[in-house]
Amino acid sequence: MDSIQIHGGVALQGKVRIQGSKNAALPILAGTLLTKETSYIRNCPKIADVYGMINLLKSLGCHVSWEESGIRVNAKDICRGEMQGEAITGMRSSLCLLGALLGRCGEVVMEYPGGCVIGERPIDLHLSALSKMGVVFTEEQGRIRANARKLCGAHIKLSVASVGATENILLAAVMAQGETLIEGAAREPEVVALCYFLRCCGAVIEGIGSSRLHITGNRLLHGADFMVPSDRIVAGTYLFAAVATGGNVLLEAAPYTQMEAVLNVAEKMGAQCIAASEGLYVQAGERPMAVSQLRTAPYPGFPTDLQSMALAVLTTSEGQCRIEETIFENRFRVVEPLREMGADIQVCDAHRVIVKGVEKLHGAAMEAKELRGGAALVLAGLMAEGESIITDCKYIYRGYENICKDLRELGARIVSV
Ligand code: EPZ
């Protein structure tokens, strides 16, 4: 069942419920390590990355059970901070266990984290910030050993608003002696959700949602019952699926207050987006309009995780668009398969492409190479004439609970095979 088969050309109709956020759930699950009490994390998506994080927590000695509406975690018996294997090398978010374990155990040994091949993805900002907090890093046999005899608060200026580095500093700082000030912090809604979870556990954090976070450390944290917010990237994916097919849909529980930049682009493409208590209504035009420029940026800018989907939509738009990817240097891997479907895309360099809209795409056999690029190929398949087959869909299932079922609920002719 690692392939997806699509017959395109259907305008999506109806409603679908948006799953919990992958990029909020993962650091929050890591945060459950910071207390000996039980936490209950609701609305976690049933995706490969969450199963990977659960296995990692269990390998550390946590008691983890998935119950009806959430995951119950108790970390009172964790014994050591040593992690290795596919769950680390295959998943970037394993890195946020570094800050949490340093906060809890003061020592961690782990392999270098992997994740989607969308760029170099160095971890220098994580290492330099944690070193300022008193952590000593050594490398042995390709593994990182981190040791903090005494974790102390620090004044940290991030040169890049890194989501992962901000989360790691937060997870360490709530347990550190003294105050930590992070300047240039990431403002993504997933960072905000982590801050609220830690606050529910008794942490003291000010400036939540801003680029200046102030943490008062050294508090004994307790367990919490916390609801993971809906996934703005999944909501954005289905929004662009509606725009791509001239659809009319309701995205139930879509976190539209976190999606301003995305809604602006969808509206420029000719869609009407109406926010309501039940979610987001999207009424798309028959054919997407081109937007002249699209530039990704840290939140609240246009998310890099939706760049491939917007690119796919723009392949059949009326006009041309210049897309600039400012976050990652290898995030145009969908260009080749889209060209095979008949798209007209010119690659200027690692960060820029120009898309000239064509009337129609035709179906093709393609391979998913990473999570969001894979989802973009699904959108292209929905738009294309005829049949498309996407193989290696394990990447897509890392972030989407059930993309085929969700799109079928909206009338798409799509199955996993
Ligand atoms: C998070 O990755 C998300 N992953 C990514 O989503 C998302 O694309 C990214 O943030 C940007 O929004 C999770 O939350 C699990 P960064 P992260 O650190 O934390 C550079 C998806 O599809 N950098 O904000 O790894 C880095 O190379 C995934 O769900 C350094 O130079 O991203 C990049 O250019 C893909 N040194 C930029 O910062 C560092 O130490 C932003 O990366 C760290 C990062």
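If you're wondering where the values come from, they're calculated on a predicted model, not measured in any experiment. Just so you know, ligand 1 is whichever comes first in the structure, and atom 1 is the first atom listed for that ligand.
Proximity of R121 to ligand 1 is established by a heavy-atom distance of less than 4.0 Å. The closest approach between I118 and ligand 1 falls below 4.0 Å for a heavy atom of the residue. Using a 4.0 angstrom heavy-atom cutoff, S93 counts as in contact with ligand 1. The closest approach between any non-hydrogen atom of L26 and ligand 1 is not below 4.0 Å. Heavy atoms of P122 come nearer than 4.0 angstrom to ligand 1 in at least one pair. Heavy atoms of R331 approach ligand 1 to within less than 4.0 angstrom.
Proximity of a side-chain donor or acceptor of N218 to a complementary backbone N or O of A176 within less than 3.5 Å is not detected. A distance-only check finds no donor-acceptor pair linking the side chain of Q19 to the backbone of C44 [under 3.5 Å]. Distance alone, capped at 3.5 Å, places no donor-acceptor pair between the E67 side chain and the G70 backbone.
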Practice problem: For side-chain hydrogen bond (donor to acceptor under 3.5 Å, both in side chains), just list the numbers for E179 and H214, CA-CA rounded to whole Å, side-chain angles, deciding distance to a tenth of an Å, and then say yes or no. | Solution: CA-CA 7 Å; E179 325 264 316; H214 186 269; 3.0 Å; yes

Exercise. For R295 and E325, run salt bridge (charged side-chain N to carboxylate O under 4.0 Å, His left out): C-alpha distance rounded to whole Å, both residues' side-chain angles, the deciding distance at 0.1 Å, then the answer.
Key: CA-CA 6 Å; R295 187 172 188 280; E325 170 55 60; over 6 Å; no

Quiz prompt | side-chain hydrogen bond (donor to acceptor under 3.5 Å, both in side chains) between E367 and Y395, worked out | solution = CA-CA 10 Å; E367 208 184 313; Y395 293 109; over 6 Å; no

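Distances from atom 6 (O) of ligand 1 to the heavy atoms of T296, D305, I327 put D305 nearest.
Under 4.0 angstrom from ligand 1, the non-hydrogen atoms of V160 all belong to its side chain. Proximity of R372 to ligand 1, defined as any heavy-atom pair under 4.0 Å, is confined to the side chain (atoms from C-beta onward). Of all the heavy atoms of T304, the ones lying under 4.0 Å from any atom of ligand 1 belong exclusively to the side chain. Contacts between V163 and ligand 1, counted as non-hydrogen atom pairs separated by less than 4.0 Å, involve both the backbone and the side chain. Contacts of F328 with ligand 1, taken as heavy-atom pairs under 4.0 Å, involve the side chain alone.
Using a 3.5 Å distance cut-off with no hydrogens or angles, the side chains of E387 and H7 do pair a donor with an acceptor.
Those atoms of ligand 1 that come under 4.0 Å of a heavy atom in R92, given as number and element, are 25 (O). Interface of G164 with ligand 1, defined as ligand atoms under 4.0 Å from a residue heavy atom, comprises 18 (O), 19 (O). Less than 4.0 angstrom separates some heavy atom of K22 from each of these atoms of ligand 1: 21 (C), 29 (O).
In summary, R145 and E107 engage in a salt bridge, as defined by a charged side-chain N under 4.0 Å from a carboxylate O. A salt bridge does not link E139 with R143: none of the charged nitrogens is closer than 4.0 Å to a carboxylate oxygen.
With a 6.0 Å cutoff to the six-membered ring centre and a 45° limit on the axis angle, R72 counts as a cation-pi contact of Y40.
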